[in-house]
A.B. asks: 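Take a look at this one; I'll ask things after.
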2 protein chains.
Amino acid sequence: MPRQQGASPSSTKAATLHDVARVAGVSLITASRALTKPSLVSDTTIERVQAAVQATGYIPNLLAGSLKSSRSRLIAGLVPALSVAQFLPTLQALTDVLDAAGYQLMLGQMRYDNSRQDALLNAMISRRVDGIVVTGLIGSEAVRRQVGQLGIPVVETWDLPENPTDMVVGFSHTAVGRAVAAYLVGKGYGRIGLATGDDHRAQLRRQGLLAGLGREVPTATVPAPSSLALGRRALGELLQQDPALRAVACSADQLAQGVVVEALARGLRVPEDLAVCGFGNADFSAHTVPTLTTVRVDGAAIGRRAGEMILARCRGETVPDRIVDVGFAIAQRESA
Amino acid sequence: MPRQQGASPSSTKAATLHDVARVAGVSLITASRALTKPSLVSDTTIERVQAAVQATGYIPNLLAGSLKSSRSRLIAGLVPALSVAQFLPTLQALTDVLDAAGYQLMLGQMRYDNSRQDALLNAMISRRVDGIVVTGLIGSEAVRRQVGQLGIPVVETWDLPENPTDMVVGFSHTAVGRAVAAYLVGKGYGRIGLATGDDHRAQLRRQGLLAGLGREVPTATVPAPSSLALGRRALGELLQQDPALRAVACSADQLAQGVVVEALARGLRVPEDLAVCGFGNADFSAHTVPTLTTVRVDGAAIGRRAGEMILARCRGETVPDRIVDVGFAIAQRESA
DNA sequence: AGCGTCGATGTTAACGTTGTCATTTCAAGA
DNA sequence: TCTTGAAATGACAACGTTAACATCGACGCT
């Protein structure tokens with residue numbers, strides 16, 4: 001099939017709604033309504049228009065429609081990186097909710113970089129997204145003002161700030177840190193270490209952990225994204241700081257898995273010699289040997305709620321609960 | 001900050017290029033050019049326009065621009081699911097290449113479902129994407145015709161069909177299967193089993209493996225997406241089929257990791273009692289105990305090449321090599 | 001001096017759709 | 001019969017931008 005390359009889009013121009021209307025023998029606007037607001041048009045006309053669509057091979061131009069109606073049916077979704085498995089259930093649920101309402105998610109990567117976040121948000125706003133869902137918070141005050149002026153609904157997620165830009169669905173990371181501290185102390189582990197990522201939310205959990213313990217702890221900080229390899233390295237660093245370490249709290253299950261692997265490789269038993277607690281309840285965490293004790297967060301619920309809130313605002317409704325706390329729970333398994 | 005909810009987009013309407021031009025004291029088109037084609041405008045005018053942009057808080061409307069210029073600077077990227085780690089390096093590289101050229105990637109999930117793929121492609125085409133990159137192949141003949149008629153460049157990836165829709169960057173999955181067969185046979189493993197996903201490309205690798213071995217093998221087929229848990233289950237099934245199994249080929253490193261975990265849990269040594277070979281060279285594969293022998297594919301190269309080819313065609317150039325084979329290599333480690 | 005050329009700017013007309021208001025038709029109620 | 005209203009359709013004008021062509025000096029060249 002020697003397909004034509006380059007600019008020339010083949011002989012005839014693409015069909016527009018004009019062509020459909022002409023073929024169907026109705027006016028332009030009636031053709032438009034038959035396709036987008038069928039309740040306003042008689043059944044026979046709808047059939048004629050749909051036949052004309054088939055005949056002409058018409059593909060609607062959403063650029064034109066969005067421009068005129070100033071509704072793009074496009075929602076911006078911003079994540080630090082696609083490779084952060086943490087946020088996948090959220091994205092999945094968000095996509096599902098939006099999809100069911102005929103909206104499309106436009107994904108962007110911020111790369112833990114505030115200037116990137118700004119540029120990305122500007123690009124999204126330039127495309128006139130109807131709403132924005134961002135994991136974490138919007139850093140730039142300028143962007144906050146912009147979305148406020150343009151009336152674009154925003155949901156910040158996976159955090160629980162006191163002053164959200166607009167709406168927020170998440171949970172308290174410092175509370176997670178305190179809960180992990182309480183759990184490990186309750187289990188009787190005295191010497192606790194921390195293997196943590198360097199992102200903002202992981203640091204909040206760290207603060208919570210320290211507050212809960214009431215003291216500093218040996219800490220290995222690794223760059224994003226968390227991985228098994230970084231977990232192994234982190235345990236090495238921690239054992240150098242305190243060879244008698246009895247437990248390690250981790251900012252991600254990937255790190256926890258690495259810590260376990262490294263511990264076993266060094267001949268330490270888990271949890272008898274070293275207890276390990278993760279965060280996020282990754283898909284593998286219940287199936288490793290030993291299974292991983294971790295913090296369970298309902299990422300899908302975050303995505304679902306965020307999508308519903310955005311959609312409600314797109315319909316012009318007022319959202320009563322603009323701050324939603326989905327909470328968390330410690331999933332007790334074998335490793336701690 | 002009691003932010004205004006609902007429809008009302010605050011008092012004044014958003015600034016348009018008209019406003020910018022008026023404030024800058026130039027004509028509309030000069031303002032447009034100052035922002036998009038600075039080489040055509042004098043430096044002093046550019047400064048005046050940029051000052052006016054600041055003063056008015058202007059945010060360009062890409063819907064309008066794209067409509068008129070019929071170039072959206074939007075590329076569709078279709079993956080089976082976001083959760084398939086396999087394709088992340090490809091997406092990452094693709095995003096980077098497009099980003100550098102001022103293009104944006106619009107991601108869509110097909111969910112291993114051909115009707116979904118159709119609907120998604122139609123939605124993308126309706127938004128007038130300038131190009132399409134899809135992992136796997138375009139199934140629908142109707143969509144193939146559409147993109148052909150509209151002159152939208154398409155790159156199919158991660159496969160190497162004889163008749164691509166337009167362009168293709170990938171490798172031969174049957175060749176992978178044969179290579180794995182040769183490798184395992186060369187190592188002297190007699191009784192070989194297969195733990196595989198049910199997607200099309202995994203089945204191609206299966207065929208290659210069988211062709212290479214010249215016989216059927218015990219097979220455990222698991223549903224997508226592959227995971228550690230499914231790998232554990234698969235090994236259980238395989239050992240039921242052949243308790244004396246000596247090696248397992250897997251269609252993903254996640255499965256291989258699960259097979260290893262299950263084997264160790266059953267007291268089998270890897271690779272002495274059971275050899276395991278994965279596919280994809282995931283980030284963790286070089287760091288597990290034992291390290292995973294797997295098939296390395298340069299996913300980033302696929303994304304890079306795909307992006308470059310799309311961009312070239314967007315610039316109106318003709319791409320000489322429309323079929324690119326990036327090949328693969330077996331990464332020999334401890335598990336096989 | 002006259003010519004073409006180039007750089008800088010402007011005028012006009014779209015791109016393809018939908019919001020708004022107007023018109024027609026027909027059935028039901030007074 | 002006339003009014004009223006709803007259902008169905010249409011005419012027109014946008015939405016905000018850029019392509020295409022036009023204009024107008026200034027400059028260098030023959």
Side-chain angles (χ1 to χ4, degrees), chain A residues 7 9 12-49 52-53 56-74 102 125-130 150 316, chain B residues 7 9 12-49 52-53 56-74 102 125-130 150 316:
Chain A
T12 60
K13 303 201 103 182
T16 74
L17 206 47
H18 277 97
D19 304 315
V20 173
R22 189 166 32 72
V23 170
V26 297
S27 75
L28 179 62
I29 188 67
T30 300
S32 169
R33 281 197 279 249
L35 296 176
T36 59
K37 295 171 181 169
S39 63
L40 296 179
V41 178
S42 73
D43 291 350
T44 60
T45 304
I46 291 180
E47 277 173 36
R48 284 228 308 276
V49 170
V53 167
T56 54
Y58 170 70
I59 302 175
N61 187 327
L62 247 51
L63 293 178
S66 300
L67 173 61
K68 177 58 187 167
S69 66
S70 49
R71 293 216 310 23
S72 63
R73 294 186 165 276
L74 212 50
I125 295 173
S126 285
R127 296 195 190 273
R128 293 302 188 262
V129 291
D130 289 339
L150 292 172
Chain B
T12 60
K13 302 201 109 184
T16 74
L17 206 47
H18 277 97
D19 304 316
V20 173
R22 189 166 33 71
V23 171
V26 297
S27 75
L28 180 61
I29 189 65
T30 300
S32 171
R33 281 197 278 250
L35 297 176
T36 57
K37 295 170 181 171
S39 64
L40 297 179
V41 178
S42 73
D43 291 350
T44 60
T45 305
I46 290 181
E47 278 174 34
R48 285 228 307 276
V49 170
V53 167
T56 54
Y58 170 70
I59 302 174
N61 187 327
L62 247 51
L63 292 177
S66 301
L67 174 60
K68 177 58 188 165
S69 67
S70 50
R71 293 212 303 50
S72 63
R73 296 186 163 273
L74 211 51
I125 294 173
S126 284
R127 296 194 190 275
R128 294 300 188 262
V129 291
D130 289 341
L150 292 172

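In what follows, every heavy atom counts, from backbone to side chain, and hydrogens, waters and symmetry copies are set aside. Remember, it's a predicted structure, so these values are computed and weren't measured experimentally. Chain letters run A, B, ... following the sequence lines, proteins first and then strands; every chain starts at 1.
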A.B. asks: Could you give the distance from CG (Leu17(B)) to OG1 (Thr56(B)), rounded to the nearest 0.5 Å?
C.D. replies: 9.0 Å
A.B. asks: I need the CG-P distance between Leu17(B) and dT9(C), as an integer number of Å.
C.D. replies: 15 Å
A.B. asks: Pick the closest DNA chain C nucleotide for Ser69(B) and for Val41(B) by heavy atoms, then say which residue is nearer the 5' end.
C.D. replies: Val41(B)
A.B. asks: Just how far is it from atom CG of Leu63(B) to atom OG of Ser72(B), taken to the nearest 0.5 Å?
C.D. replies: 10.0 Å
A.B. asks: Given dT11(C), dT9(C), dT18(C), which nucleotide is nearest the side-chain atoms of Ile29(B)?
C.D. replies: dT11(C)
A.B. asks: Indicate, with a heavy-atom threshold strictly under 4.0 Å, whether Thr36(B) touches base, sugar-phosphate, or nothing.
C.D. replies: sugar-phosphate
A.B. asks: Counting only side-chain nitrogens and oxygens, does Lys37(A) get under 4.0 Å of the OP1 or OP2 atom of dG19(C)?
C.D. replies: yes
A.B. asks: Distance check needed: dA14(C) C1' versus Leu67(B) CG, whole Å only.
C.D. replies: 9 Å
A.B. asks: Do you know which two heavy atoms are closest between Ser70(A) and Asp130(A), and how far apart they sit?
C.D. replies: O-OD1, 4.4 Å
A.B. asks: Whole-Å distance between dA8(C) C1' and Ile46(B) CD1?
C.D. replies: 11 Å
A.B. asks: Check this one for me: any side-chain N or O of Ser42(B) less than 4.0 Å away from OP1 or OP2 of dA8(C)?
C.D. replies: no
A.B. asks: Could you state the atom-to-atom distance from CG of Leu40(B) to P of dT9(C) in whole Å?
C.D. replies: 10 Å
A.B. asks: Check whether any side-chain heavy atom of Thr16(B) lies under 4.5 Å from a side-chain heavy atom of Arg22(B), and answer yes or no.
C.D. replies: no
A.B. asks: Rounded to whole Å, how long is the line connecting atom CG of Asp43(B) with atom C1' of dG7(C)?
C.D. replies: 12 Å
A.B. asks: Pick base, sugar-phosphate or nothing for Ser66(B), based on heavy-atom distances below 4.0 Å to the nucleic acid.
C.D. replies: nothing
A.B. asks: Between Leu63(A) (CG) and dT18(C) (C1'), how many Å, whole number?
C.D. replies: 14 Å
A.B. asks: When rounded to the nearest 0.5 angstrom, what is the spacing between CZ in Arg127(B) and OG in Ser66(A)?
C.D. replies: 6.0 Å
A.B. asks: Look at the side chain of Arg33(B) against the base of dG10(C) and say whether a donor-acceptor pair falls under 3.5 Å; ignore hydrogens and angles.
C.D. replies: yes
A.B. asks: Where do Val49(B) and Val41(B) land on the side chain to side chain contact (heavy atoms under 4.5 Å, CB included) test, with the steps shown first?
C.D. replies: CA-CA 10 Å; Val49(B) 170; Val41(B) 178; over 6 Å; no
A.B. asks: What pair of heavy atoms forms the shortest contact from Thr45(B) to Ser42(B), and how long is it?
C.D. replies: OG1-OG, 2.8 Å
A.B. asks: Please examine the side chains of Asn61(B) and Arg128(A), heavy atoms only from C-beta on, and report whether any two atoms are closer than 4.5 Å.
C.D. replies: yes
A.B. asks: Take the protein atom CZ of Arg71(A) and the nucleotide atom C1' of dG19(C), then report the distance between them rounded to whole Å.
C.D. replies: 12 Å
A.B. asks: Which two nucleotides bound the region of DNA chain D that has atoms under 4.0 Å from heavy atoms of chain B, read 5' to 3'?
C.D. replies: dG16(D) to dA19(D)
A.B. asks: Pairs counted as Watson-Crick or G-U wobble with both distances under 3.5 Å: what dot-bracket string results for DNA chain C, using | for bases tied to another strand?
C.D. replies: ||||||||||||||||||||||||||||||
A.B. asks: Separation of Arg48(B) atom CZ from dT9(C) atom C1', in whole Å?
C.D. replies: 11 Å
A.B. asks: For Thr30(B) and Ala64(B), take the nucleotide of DNA chain C holding the closest heavy atom to each; which residue's nucleotide lies nearer the 5' end?
C.D. replies: Thr30(B)
A.B. asks: Which nucleotide sits closest to the side chain of Leu28(A): dT18(C), dC15(C), dG10(C)?
C.D. replies: dT18(C)
A.B. asks: Check every strand shown and say whether Thr45(A) touches a base, only sugar-phosphate, or nothing at a heavy-atom separation below 4.0 Å.
C.D. replies: sugar-phosphate
A.B. asks: Do Leu62(A) and Leu74(A) have side chains that get closer than 4.5 Å, going by heavy atoms?
C.D. replies: no
A.B. asks: With a 3.5 Å cut-off and sequence neighbours excluded, list the donor-acceptor pairs that the side chains of residues 25-35 of chain B form with protein atoms.
C.D. replies:
| residue | atom | partner | partner atom | Å |
| --- | --- | --- | --- | --- |
| Ser27(B) | OG | Thr30(B) | N | 3.4 |
| Ser27(B) | OG | Thr30(B) | OG1 | 3.1 |

